[in-house]
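In what follows, every chain begins at residue 1, and chains take the letters A, B, ... in the order their sequences are listed.
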Protein chains: 2
Amino acid sequence: MSKKLSVSKYKENFPNSKKSYTIGSSDDIKVPSREIKLSPTKDRNNNLQENKPIHVYDTTGLYTDEDYNIDLEKGLKPTCTKWINDRGDTTSKDRSIKSKLNNTKASLKSRVGKQDKNVSQMHYAKKGIITPEMEFVSIRENLNLNESWITPEIVRDEIALGRAIIPCNINHPEVEPMIIGKKFLTKVNANIGNSPVSSSINEELDKLLWSVRWGADTVMDLSTGKNLYKTRENIIRNSPVPIGTVPIYDALERVKGKPEDLSYDIFREVLIDQAEQGVDYFTIHAGLLLRYIPFTSNRLTGIVSRGGSIIAKWCLYHHQENFLYTNFNDICEIMKKYNVCFSLGDGLRPGSIYDANDKAQFSELKTLGELTKLAWQHDVQVMIEGPGHIPLHKIKENVELEEELCSEAPFYTLGPLVTDIAPGYDHITSAIGAANIGSFGTSLLCYVTPKEHLGLPNKKDVKDGLIAYKIAAHAADLAKLHPAAVSRDNALSKARFEFRWNDQFNLSLDPYSAKNMHDETLPQESAKVAHFCSMCGPHFCSMKITQDIREYAQDKGIASFDEAISIGLDEKSKEFKMLGKKIYIKN
Amino acid sequence: MSKKLSVSKYKENFPNSKKSYTIGSSDDIKVPSREIKLSPTKDRNNNLQENKPIHVYDTTGLYTDEDYNIDLEKGLKPTCTKWINDRGDTTSKDRSIKSKLNNTKASLKSRVGKQDKNVSQMHYAKKGIITPEMEFVSIRENLNLNESWITPEIVRDEIALGRAIIPCNINHPEVEPMIIGKKFLTKVNANIGNSPVSSSINEELDKLLWSVRWGADTVMDLSTGKNLYKTRENIIRNSPVPIGTVPIYDALERVKGKPEDLSYDIFREVLIDQAEQGVDYFTIHAGLLLRYIPFTSNRLTGIVSRGGSIIAKWCLYHHQENFLYTNFNDICEIMKKYNVCFSLGDGLRPGSIYDANDKAQFSELKTLGELTKLAWQHDVQVMIEGPGHIPLHKIKENVELEEELCSEAPFYTLGPLVTDIAPGYDHITSAIGAANIGSFGTSLLCYVTPKEHLGLPNKKDVKDGLIAYKIAAHAADLAKLHPAAVSRDNALSKARFEFRWNDQFNLSLDPYSAKNMHDETLPQESAKVAHFCSMCGPHFCSMKITQDIREYAQDKGIASFDEAISIGLDEKSKEFKMLGKKIYIKN
């Protein structure tokens, strides 16, 4: 890297938070979470009642571990190396990358599955093996619960059935394993990557650290500019979360940007190079068949997937079937040697409300379903990419069809945007779609930033996109009744009601912004325990009045609220007559 | 006003936009819209094809009429005076306001329905009369349609049935009539108003103009600070959109902030004062009954409605039934003399995910349904206020119950927020809920700003809240298949696909931000017609590649995309075999 990136800002944890680890069945299964310490509740007589700390899912990796020394040149300390080595089914080899492409100083060694060995997590799962990776993710999903909701066996089972994946290339041991599947917490992906017009390696590395800080569960490096190999190497070595790519971009770069010059041989080279680097999942547009291209001709916005349009151009130029489709078995052979997952790309996803749920889109989805089964024959893990631009009333059909056609392989959607009219605010238009599609069972939500359709996102855009998507994912988890989801809402609402302002800020997705907004009008430290805010002022706060009411009722001996409720709950029809006067008359 | 507010910025229309009027059955029915002029489509041979201008719903009033001279001291030129006078059922009177409260220079005259005259729009509708107000709103709803979708008769019918309302107090003739109801475009309300801690009359007036500029269909003045009467007077005289209030705030101010000192007499005074000023709808918490208060005792966040908590405190202190409930008939008598609408308040709405859809909330809703029927006996227009904080999976039940219990009176909801964990971003958490509840049939969405729960919103917050809600409302309209909704999406997507960048910006909800974001990386004027942006750079643009594909196919004589599609559409099962090779083989 030309200029050193300052990392001290990434070391600092969130306010009143500390890194916490849960240890699994062996010491090396050390699962991170962020523990938010809360202040006690003070009752009217100044008695204190403790509030248990809340643990939240932590994607920041070792960066927020105060005992860890960050060294971006060296990369992160690996989590998984021992587990990979212990299995004894991989071997070391020199990387295949041709020297002219490799302008990185990184090690040129990588690991690969031994002859006849399949090292995918699905392969182990199908054989009944619970890997340390599986145990790790199971612990990671059980936040603030007294009993395990997700057991290692559930994880194994879901992976064996293809309903969940753990993306963890054996050459990316720096990853902290995470799981993507309907039964689990809804995850969020952030896209980063330079473009020929903008951005450097350091900027992208900065965006990576920034992304995991704000909750990205996976990150895609979508670089299309210079130094692809080196940029990717830097990103992978420093990423605690799985990294995905769209290999066709790299391939296109190798044929100087001419889609017609692509070939499977070149693409295959790219796959191996990237698998050796440690990419955890590949977006591969193998479902875009020659015969589907005409279906896009009366679309309003044609083909909006970059990968899709590249493949379409190739197919049409050569009048041949998509080489990703015709070589799919060979691709599987490569991927199972590294545990790379498929993210089967939707090259024909709609790019506008007008094109939503059309023939082109669903034809491709059907083929993706067929390819899923093929991949599973190789025990290669699969997720399916989805739209795009979909109006609210057409979202559910996408999930239903995906589950039906693709045998419940995890769905990974981009938004969808529920209207086209808000460029500059598409993190919001798409968070609406994302929350909905998530609530129907989509496992991974690819974020959209405010810059979508307009330009390359900067750090502010990345953060805005991520916060919108953490909201969407969490809203989906609440709707899916995930027991680990609701604890944070309840803790925050309790803090709000009790005027524990700092706790309210600290429990929020963005404590800094929450505090700053509050402090715009009431910056004094005393206002952090005040029973009002600037919205209504001291005499109008409804929550204060409610507390007054409760105290008043207590003083007057009208304490028997619970009694009233228990009568009322007995029978719905009676409540309107029975309650009320009887109770209040006694005073 | 102490310091003069600069209004020149409000006079300027949006880029490439002009005020347009559609004239109804008489010249004084002059219905505004904003016309966005588009540039022509240029095909590969540089032939130009015209793109029709797009009309969008325009809430900015006369402020963006270039022929109008703004004078905030004088107030807006009235729209409805002639219609009100022509009906001959009202008379002029001195305002009742006591001098000590009235520190405004405004006229002290107001109009009121003559003895035994009911001047509500519902009254006319039930008698079969189509008022100019009804015709006005019917024209306003038919944007970019060749045929009328909404006829004046549909409007009359919906109002007569109570399924829609036109809030237009006869003392607010400055209003441009608008309609709130399930069959119509989903509307958005913005809350403004000072608090004892912050803000002045000029600031609030500035927020009003700012709100209508960014698409507020109605505005509530929720002031709880000083100079309530004067602030409200300034707001109403300058508002082209209906103004709502929560009269209990004003009443509480008159008893020096002590809920227990409230009485119906004081409240009645407030109602008359505000009706004489021209408030278009009143939030009245008449459904919060004494016997429901205990149902809130095991809530996480008690009572979060300010009005609700004030009433609850009064009820409990006096051990008496809510005086708004016991005097409901008298309230109706007042309201029908001015055509003020009820916004029946949900004093027991949930303030957290934990409290959503509980007994307290739905008990009150049932009572609101009973009061709706009572109001309709007086021909007083009604809408019903709704939550609050509701997780995604519990939203639909709210709409279904509201429609059942309240006989389809228009639903007016605050959000709902679909999670509690994002203070600072609650415009997003609630826009998710708002889009959903809107798609199920909620007619008016009360915006939530990023400052919600944290402080009084400033202008930036107001704009952010409004944009998020315009997105939500529009997404709901698309889902409801409203024919006037989709034209803007399609026009924008077409512009996007054709790289008409300026058209894309100008058709968006916020042209300035869209352009600024684009220009961050590519500020040159030449980039406004360039076939790429900074996201992917010139070689990677999928839309450019799609266009290349289409041109290539045309050149090669593979033009028959349409033919291919028509074959394919015939029979779904055949398509996978029939298409493709046949077509492409010819080259």
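For R496(B), the part lying near chain A is the side chain, with the backbone staying farther off; criterion is any non-hydrogen pair under 4.5 Å. In this structure, chain A has no heavy atom under 4.5 Å from any part of N191(B). With a 4.5 angstrom heavy-atom cutoff, L478(A) touches chain B via backbone and side-chain atoms both. Residue contact with chain B, scored on non-hydrogen atoms closer than 4.5 Å, involves the side chain of S439(A) exclusively. Using a 4.5 Å cut-off between heavy atoms, N458(A) contacts chain B through its side chain alone, with no backbone atom that close. For P259(A), no part sits under 4.5 Å from any heavy atom of chain B, backbone or side chain. With a 4.5 angstrom heavy-atom cutoff, L222(A) does not touch chain B via any of its atoms. For L300(B), the parts sitting under 4.5 Å from any heavy atom of chain A are the backbone and the side chain alike. For a residue to count as touching a neighbouring chain, one of its non-hydrogen atoms must lie under 4.5 Å from one of that chain's; by this rule H453(A) touches chain B with backbone and side chain alike. Heavy atoms of F505(A) lying under 4.5 Å from chain B belong exclusively to its side chain. The contact between L481(A) and chain B is made entirely by side chain atoms (from C-beta outward), counting heavy-atom distances below 4.5 Å.
Screening E520(A), M517(A), K515(A) for a side-chain contact (heavy atoms from CB on, under 4.5 Å) involving L454(B) leaves a single residue, M517(A).
Counting heavy-atom pairs closer than 4.5 Å to chain B, the top-ranked of the candidates A485(A), P450(A), P423(A) is P423(A). Of all the listed residues (A312(B), A360(B), G302(B)), the one sharing the greatest number of non-hydrogen pairs under 4.5 Å with chain A is G302(B). Interface check for chain B: of the options I432(A), I467(A), I421(A), the most heavy-atom pairs under 4.5 Å are formed by I421(A). Among the candidates P511(B), S305(B), A472(B), the residue making the largest number of heavy-atom pairs closer than 4.5 Å to chain A is S305(B). Ranked by heavy-atom pairs under 4.5 Å with chain B, the first of N516(A), L522(A), T301(A) is T301(A). By number of non-hydrogen pairs under 4.5 angstrom with chain B, the leading residue of V418(A), I395(A), L289(A) is V418(A). Note on K394(A), Q504(A), K470(A): by heavy-atom pairs under 4.5 Å with chain B, the leading option is Q504(A). Contacts with chain B were tallied for A435(A), G433(A), G308(A); A435(A) has the most, counting heavy-atom pairs under 4.5 Å.
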Query - CA sep, side-chain torsions, deciding dist, call: H427(B), I428(A), side chain to side chain contact (heavy atoms under 4.5 Å, CB included) - result: CA-CA 9 Å; H427(B) 60 312; I428(A) 299 178; 4.2 Å; yes

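Put simply, OH on Y354(B) and NZ on K494(A) are 11.5 Å apart, with the number rounded to the nearest 0.5 Å. Atom OG1 of T419(B) is separated from atom CD1 of I471(A) by 7.5 Å, given to the nearest 0.5 angstrom.
The minimum heavy-atom distance linking Y425(B) with S513(A) is given by the pair OH-OG, 3.6 Å. When all heavy atoms of S493(B) and S352(A) are compared, the closest pair comes out as OG-CB, 3.3 Å. The two residues A422(A) and L509(B) make their nearest non-hydrogen contact at CB-CD1, 4.1 Å.
Put simply, the side chain of D489(A) gets close to the backbone of D420(B): a donor and an acceptor are under 3.5 Å apart. When atom types are taken as modelled, the side chain of T546(A) and the backbone of I303(B) share a donor-acceptor pair closer than 3.5 angstrom.
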